[in-house]
Amino acid sequence: MDYKKHIAERINIYGVDADEIYSSIALPPNSEMGDYALPCFKFAKILRQSPVSIAEKLREAYKTDEKISEVSAVNGYLNFKVNKAGLAYDVLNCILSTGEKYGSSDTGKGKTVCIDYSSVNIAKPFHIGHLSTTVIGGALYKLYKFLGYNVVGINHLGDYGTQFGKLISAYKRWGDKDEVEKGGIHAINDLYVRFNTEADEEMENEAREYFRLIENGDREANEIFEWFKSLTLKYVQGIYCKLGVQFDSYAGERFYTDKMQPVIDELRAKNLLRESEGAQIVDLEKYSMPPCLILRSDGASLYATRDLAAAEYRKATYDFDKCLYVVAYQQNLHFKQVFKVLELMGKEWAKDLVHVAYGMVSLEDGAMSTRKGKVVWLEDVINKCVEKAYTVIEEKNPELENKNEIAEKVGVGAVIFGALYNNKIKDIVFSYDKVLSFEGETSVYVQYTCARANSVLLKSGELSAVPENYEPNAQEFEVVKQLAVFPEILEEAAEKFEPSYIARYAVDLAQKYNKFYIECKILSETGGKKAFRLALTKVTLQTLKNSLKILGIGVPDKM
RNA sequence: GCAUCCGUAGCUCAGUUGGAUAGAGCAAUAGCCUCCGACGCUAUGUGCCGAUGGUUCGAAUCCAUUCGGGUGCACCA
């Protein structure tokens with residue numbers, strides 16, 4: 001179904017190879033001009049002819065065939081019109097036969113991708129700032145699987161640092177076992193907030209001491225810590241379940257405690273380590289970066305040290321072809337440094353490490369702060385969205401069965417989609433108005449389109465075979481073309497680590513289908529026309545479902 | 001100060017391996033349910049694509065400078 005390739009193979013330009021012709025083929029601004037176009041301007045110098053005459057000569061030489069029905073030369077562009085009936089027939093049958101696998105491929109066969117995402121902090125509830133990494137990572141996870149990769153989802157737990165000393169100190173001062181059991185993670189967080197507001201020098205010292213106790217294997221400190229950890233994991237599991245994300249490993253920072261020394265030894269052996277102001281660093285001045293700190297002046301390890309150990313461990317354990325870090329752009333420099341240090345250590349695989357950076361989330365009145373307790377919890381956002389969905393269903397479709405289940409799919413979908421619809425690098429100012437808006441370019445719009453398509457299919461009875469030689473009209477053909485590019489869109493999304501491509505694709509397809517739906521009758525038609533339109537409806541529904549599924553969004557049959 | 005990202009319609013954003021008249025949604029106005037789901041569709045308008053210069057047959061897209069904003073920059077993670 002690669003029409004560009006088909007065209008490129010049939011054009012000969014002296015001194016230009018087929019690959020270059022292939023990559024030069026573009027899409028005309030509107031479909032009346034054609035379905036594909038080859039701009040001939042860049043060939044003018046090589047051939048020493050005007051683009052207009054080149055296009056004209058190529059047009060004369062091109063023999064139309066079963067795929068390309070018309071070729072025209074316009075102002076230096078060579079425009080191609082495809083055989084609409086043929087394309088429509090191929091696309092519909094392809095989707096009908098592949099079904100929920102439509103768009104999948106084996107490009108990733110034999111390759112492994114590690115994705116480090118979500119990476120929750122122990123004892124901290126999920127707030128909207130954690131949403132992006134979780135759903136972007138989750139979507140990439142499902143996308144790579146769909147493309148045939150072996151994928152390893154890693155939740156690099158934030159379970160290391162003096163903050164855990166603070167927590168234990170706070171718990172021992174004010175905590176109560178039953179209250180924490182009952183209040184769960186929010187009760188722990190309250191203790192943390194209280195510690196930060198009341199802490200003086202003495203308490204800070206106590207916290208450092210407790211952290212040291214955890215490190216040295218003190219039984220009581222570790223018991224409390226493990227208890228907090230299990231409460232946290234139980235809690236996040238509920239959220240992950242709703243968001244449809246999963247992990248294959250929960251190896252967090254503490255996991256690397258005993259894996260850092262070999263890295264430090266290697267750095268020293270390779271003469272990369274240097275003392276500076278009492279600390280051990282890798283100097284990166286040559287690369288116009290500040291130094292990468294490996295050991296503090298008191299000998300303790302740092303964030304970067306653990307990330308170096310983690311990268312080594314992942315390479316040794318999973319032998320990845322790519323390792324992605326879905327982490328906010330605040331850490332651009334950190335990852336640049338870590339990757340550079342690994343490169344300097346001679347790890348040829350350092351080039352396979354990718355920081356998938358995304359924008360930050362703030363509130364309308366400024367940045368969030370867990371320590372100050374100024375946050376929007378993700379559960380609240382999800383709950384409000386689900387409630388809103390329920391209210392809308394109650395209003396528009398009160399007879400519906402399973403209203404709770406459907407409201408859940410719609411509400412959760414809106415939360416996920418809102419976080420995935422824009423380019424990931426964009427900052428987000430969180431507002432309830434925005435996430436609760438269900439109109440326009442939203443998952444609800446796509447889900448509604450699915451419900452509409454599904455309703456048509458329910459009323460249609462058995463589908464007959466797609467008619468051959470059916471000449472689609474303009475609206476039908478727009479849908480067909482959009483359906484056909486789905487596999488390409490997925491490849492691009494994977495290549496650019498950009499789930500938003502898929503979200504936008506789904507909205508585009510839904511828009512094109514809705515335009516078709518309004519313009520064209522389906523059920524009251526007969527014969528080939530009806531068969532074609534029903535098939536078009538069925539494969540559109542399938543493709544919309546496939547797109548949303550990758551994003552972790554479910555599609556209700558009715559809503 | 002150095003590094004890095006962003007700047008497109010009133011708002012939120014697409015569009016950037018250079019290509020033909022710069023597109024959506026929201027908001028506004030006017031329409032469309034005796035007809036397959038109106039959470040939908042149609043029509044109407046707004047743009048020195050932050051600015052300047054350069055490269056090119058051609059620049060929102062590439063380069064340089066500049067302005068505005070975000071983020072990061074030594075013992076937190």
Side-chain angles (χ1 to χ4, degrees), chain A residues 23-24 26-30 33 37-42 44-45 50-51 74-77 79 119 121 156 158-163 253 276-281 287-304 306-307 327-334 336-337 357 359-360 362 367 389 392-393 395-397 410 421-423 425-429 431 433-434 437-442 444-449 451-460 500-501 504 507-508 510-511 513-525 530 533-534 537 558-559:
Chain A
S23 63
S24 300
L27 301 181
N30 71 60
M33 294 168 154
L38 180 68
C40 299
F41 308 95
K42 66 168 79 159
K45 251 186 206 151
S50 78
V74 184
N75 300 330
Y77 288 88
N79 292 336
S119 302
N121 291 318
H156 190 69
D159 54 4
Y160 189 100
T162 45
Q163 48 180 327
E253 291 193 74
S276 168
E277 298 171 35
Q280 295 293 318
I281 65 158
Y287 311 97
S288 58
M289 280 188 260
C292 184
L293 266 81
I294 304 296
L295 292 174
R296 300 197 314 215
S297 40
D298 66 0
S301 65
L302 283 144
Y303 186 39
R306 285 183 290 281
D307 265 353
V327 181
Y329 68 62
Q330 274 102 325
Q331 299 193 36
N332 276 352
L333 177 59
H334 165 75
K336 257 178 88 177
Q337 289 177 314
M360 55 184 280
S362 58
V392 176
I393 292 168
E395 181 191 314
K396 310 219 175 196
N397 208 349
V410 173
Y421 192 61
N422 288 337
N423 279 346
I425 199 68
K426 296 275 177 183
D427 288 336
I428 296 172
V429 177
S431 91
D433 283 351
K434 253 184 260 162
S437 148
F438 287 178
E439 272 154 30
E441 299 164 324
T442 63
V444 184
Y445 174 80
V446 179
Q447 287 168 322
Y448 176 78
T449 308
R452 187 180 235 184
N454 196 54
S455 168
V456 172
L457 293 170
L458 278 177
K459 289 175 183 164
S460 70
S500 66
Y501 288 10
R504 295 210 170 245
V507 168
D508 282 351
Q511 279 176 341
Y513 179 80
N514 279 321
K515 279 174 191 168
F516 152 75
Y517 177 90
I518 296 295
E519 292 290 321
C520 307
K521 295 281 171 249
I522 303 169
L523 294 173
S524 53
E525 294 292 345
K530 182 175 183 181
R533 290 182 175 176
L534 281 173
T537 299
K558 297 178 180 179
M559 61 188 275

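No experiment lies behind these values; they were computed from the predicted model shown. Residue numbers start from 1 in every chain, and the chains themselves are labelled A, B, ... in the order their sequence lines are given, proteins ahead of strands.
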Per A:Lys426 side chain, nearest of listed nucleotides B:G37, B:G40, B:C13: B:C13
field: Sugar-phosphate, base or nothing in reach of A:Ala37, heavy atoms under 4.0 Å
entry: base
query: Which dot-bracket string describes RNA chain B (Watson-Crick N1-N3 plus N6-O4 or O6-N4, or G-U N1-O2 and O6-N3, all under 3.5 Å; [ ] crossing; | other strand)?
result: (((((((..((((.....[...)))).(((((.......))))).....(((((..]....))))))))))))....
field: side chain to side chain donor-acceptor pair (under 3.5 Å) assessment of A:Glu439 paired with A:Tyr448
entry: CA-CA 10 Å; A:Glu439 272 154 30; A:Tyr448 176 78; over 6 Å; no
At a cut-off of 3.5 Å, list every protein nitrogen or oxygen paired with a nitrogen or oxygen from nucleotides 54-65 of chain B, distance to 0.1 Å.
| from | atom 1 | to | atom 2 | distance (Å) |
| --- | --- | --- | --- | --- |
| B:C57 | OP1 | A:Lys45 | NZ | 3.3 |

- prompt: Does B:C26 sit syn or anti, given that only angles within 90° of 0 count as syn?
  reply: anti
message: Roughly how many Å apart are B:A28 and B:C48, using the P atom of each and rounding to a whole number?
response: 23 Å
- request: Just compare B:G15, B:C36, B:U12 and give me whichever is closest to any side-chain atom of A:Tyr501.
  value: B:G15
- request: To the nearest 0.5 Å, tell me how far A:Gln280 CD sits from A:Leu293 CG.
  value: 9.5 Å
query: How far does NZ of A:Lys530 sit from NZ of A:Lys521, to the nearest 0.5 angstrom?
result: 13.5 Å
field: Short side-chain donor-acceptor distance under 3.5 Å, A:Ser455 and A:Lys558
entry: no
message: Tell me the interatomic distance from A:Glu441, atom CD, to B:U12, atom C1', rounded to whole angstroms.
response: 9 Å
- prompt: Of A:Leu38 and A:Phe516, whose closest RNA chain B nucleotide lies nearer the 5' terminus?
  reply: A:Leu38
- request: Taking atom P in both B:A3 and B:G25, compute the distance separating them and give it to the nearest angstrom.
  value: 42 Å
message: Classify A:Leu523 by what it touches in the nucleic acid, base, sugar-phosphate, or nothing, heavy-atom distance under 4.0 Å.
response: base
- prompt: Ignoring hydrogens and angles, does a donor from either the side chain of A:Asp427 or the base of B:U71 sit under 3.5 Å from an acceptor on the other?
  reply: no
field: Spacing of A:Asn397 atom CG relative to B:G37 atom P, expressed in whole Å
entry: 11 Å
message: For a quick check of understanding: with a heavy-atom distance under 4.0 Å over all strands, which category does A:Tyr77 fall into, base, sugar-phosphate or nothing?
response: base
- prompt: Do side-chain atoms of A:Asp298 reach the backbone of A:Ala300 as a donor and acceptor pair under 3.5 angstrom?
  reply: yes
message: Using atom C1' in both nucleotides, what's the gap between B:U61 and B:G54 to the nearest angstrom?
response: 15 Å
message: Using the side-chain heavy atoms of A:Asn423, tell me which of these nucleotides is nearest: B:G70, B:G15, B:C26.
response: B:G15
query: Expressed as a whole number of Å, how far does the P atom of B:A22 sit from that of B:A51?
result: 16 Å
message: Can you check the distance between B:G31 and B:U8, where both ends of the measurement are the P atom (answer in whole Å)?
response: 34 Å
- request: May I ask you to evaluate whether A:Arg504 reaches the phosphate of B:C13, defined as a side-chain N or O under 4.0 Å from OP1 or OP2?
  value: no
query: Just checking, is any N or O donor in the side chain of A:Asn422 or A:Arg504 under 3.5 Å from an acceptor N or O on the other one?
result: yes
- prompt: CD1 of A:Ile393 versus C1' of B:G37: gap in Å, rounded?
  reply: 14 Å
- line: Of the listed B:G19, B:G37, B:U12, the closest approach to the A:Lys558 side chain comes from B:G37
- prompt: Looking only at atom P, what distance separates B:C63 and B:G69, rounded to whole Å?
  reply: 23 Å
message: Of the options B:C41, B:C13, B:C35, whose atoms approach the side-chain atoms of A:Tyr445 most closely?
response: B:C41
message: Counting the atoms with a prime plus P, OP1 and OP2 as sugar-phosphate, which does A:Met289 contact under 4.0 Å by heavy atoms, base, sugar-phosphate, or nothing?
response: nothing
- request: Write down the distance between CD1 (A:Ile425) and C1' (B:C5), rounded to a whole number of angstrom.
  value: 6 Å
statement: To the nearest angstrom, the CG-C1' distance between A:Asn422 and B:G7 comes to 15 Å
field: Side-chain heavy atoms of A:Asn397 within contact of A:Met559, under 4.5 Å
entry: no
query: Rounded to the nearest 0.5 Å, how far apart are CG of A:Asn514 and CZ of A:Arg452?
result: 5.0 Å
query: Between A:Gln511 and A:Ser524, who's closer to the 5' end of RNA chain B by nearest nucleotide?
result: A:Gln511
task: In whole angstrom, give me the gap between the P atoms of B:C11 and B:C49.
output: 15 Å
- prompt: Just how far, in rounded Å, is P of B:A22 from CG of A:Leu27?
  reply: 17 Å
Atom pairs under 3.5 Å: protein N/O with N/O of nucleotides 72-77 of chain B:
| from | atom 1 | to | atom 2 | distance (Å) |
| --- | --- | --- | --- | --- |
| B:A74 | N1 | A:Ser276 | OG | 2.9 |
| B:C75 | O2' | A:Arg296 | NE | 3.3 |
| B:C75 | O2 | A:Ser297 | N | 2.6 |
| B:C75 | O2 | A:Ser297 | OG | 3.4 |
| B:C75 | N3 | A:Ser297 | OG | 3.2 |
| B:C75 | N4 | A:Glu277 | O | 2.4 |
| B:C76 | OP2 | A:Arg296 | NH1 | 2.8 |
| B:A77 | O3' | A:Tyr160 | O | 3.4 |
| B:A77 | O3' | A:Glu253 | OE1 | 2.9 |
| B:A77 | O3' | A:Glu253 | OE2 | 2.2 |

- request: Find the distance between SG (A:Cys520) and CD (A:Glu525) and round it off to the nearest 0.5 Å.
  value: 8.5 Å
message: So A:Tyr287 and A:Gln337, do their side chains get closer than 4.5 Å, heavy atoms only?
response: no
task: Whole angstrom is fine here: how far is it from OH in A:Tyr421 over to C1' in B:C26?
output: 12 Å
message: How many whole angstroms separate atom CD1 of A:Ile522 from atom P of B:G37?
response: 9 Å
task: Would you mind classifying the nucleic acid contact of A:Cys520 as base, sugar-phosphate or nothing, using non-hydrogen atoms under 4.0 angstrom?
output: base
message: How long is the straight-line distance from CG of A:Leu302 back to OH of A:Tyr160, given to the nearest 0.5 Å?
response: 8.5 Å
query: Taking atom P in both B:G70 and B:A64, what distance in whole Å separates the two?
result: 24 Å
Derivation and outcome, side chain to side chain donor-acceptor pair (under 3.5 Å), residues A:Tyr513 and A:Thr537: CA-CA 8 Å; A:Tyr513 179 80; A:Thr537 299; 3.0 Å; yes
- prompt: What does A:Ala451 touch in the nucleic acid at a heavy-atom separation under 4.0 angstrom: a base, only the sugar-phosphate, or nothing?
  reply: base
task: For A:Val456, answer base if it contacts any base atom (sugar-phosphate contacts may also be present), sugar-phosphate if it contacts only those atoms, and nothing otherwise; contact means non-hydrogen atoms under 4.0 Å.
output: sugar-phosphate
message: Is the phosphate of B:C41 approached by A:Lys515 (side-chain N or O, under 4.0 Å from OP1 or OP2)?
response: no
task: Flag the pair A:Met33 / A:Tyr77 as yes when at least one side-chain heavy-atom distance between them is below 4.5 Å, and no otherwise.
output: no
task: Determine yes or no for a side-chain-to-main-chain donor-acceptor pair under 3.5 angstrom, with A:Asp427 supplying the side chain and A:Gly359 the backbone.
output: no
- prompt: What does A:Lys459 touch in the nucleic acid at a heavy-atom separation under 4.0 angstrom: a base, only the sugar-phosphate, or nothing?
  reply: sugar-phosphate
- request: Give a yes-or-no answer on whether the side chains of A:Tyr517 and A:Thr449 include a donor-acceptor pair shorter than 3.5 Å.
  value: no
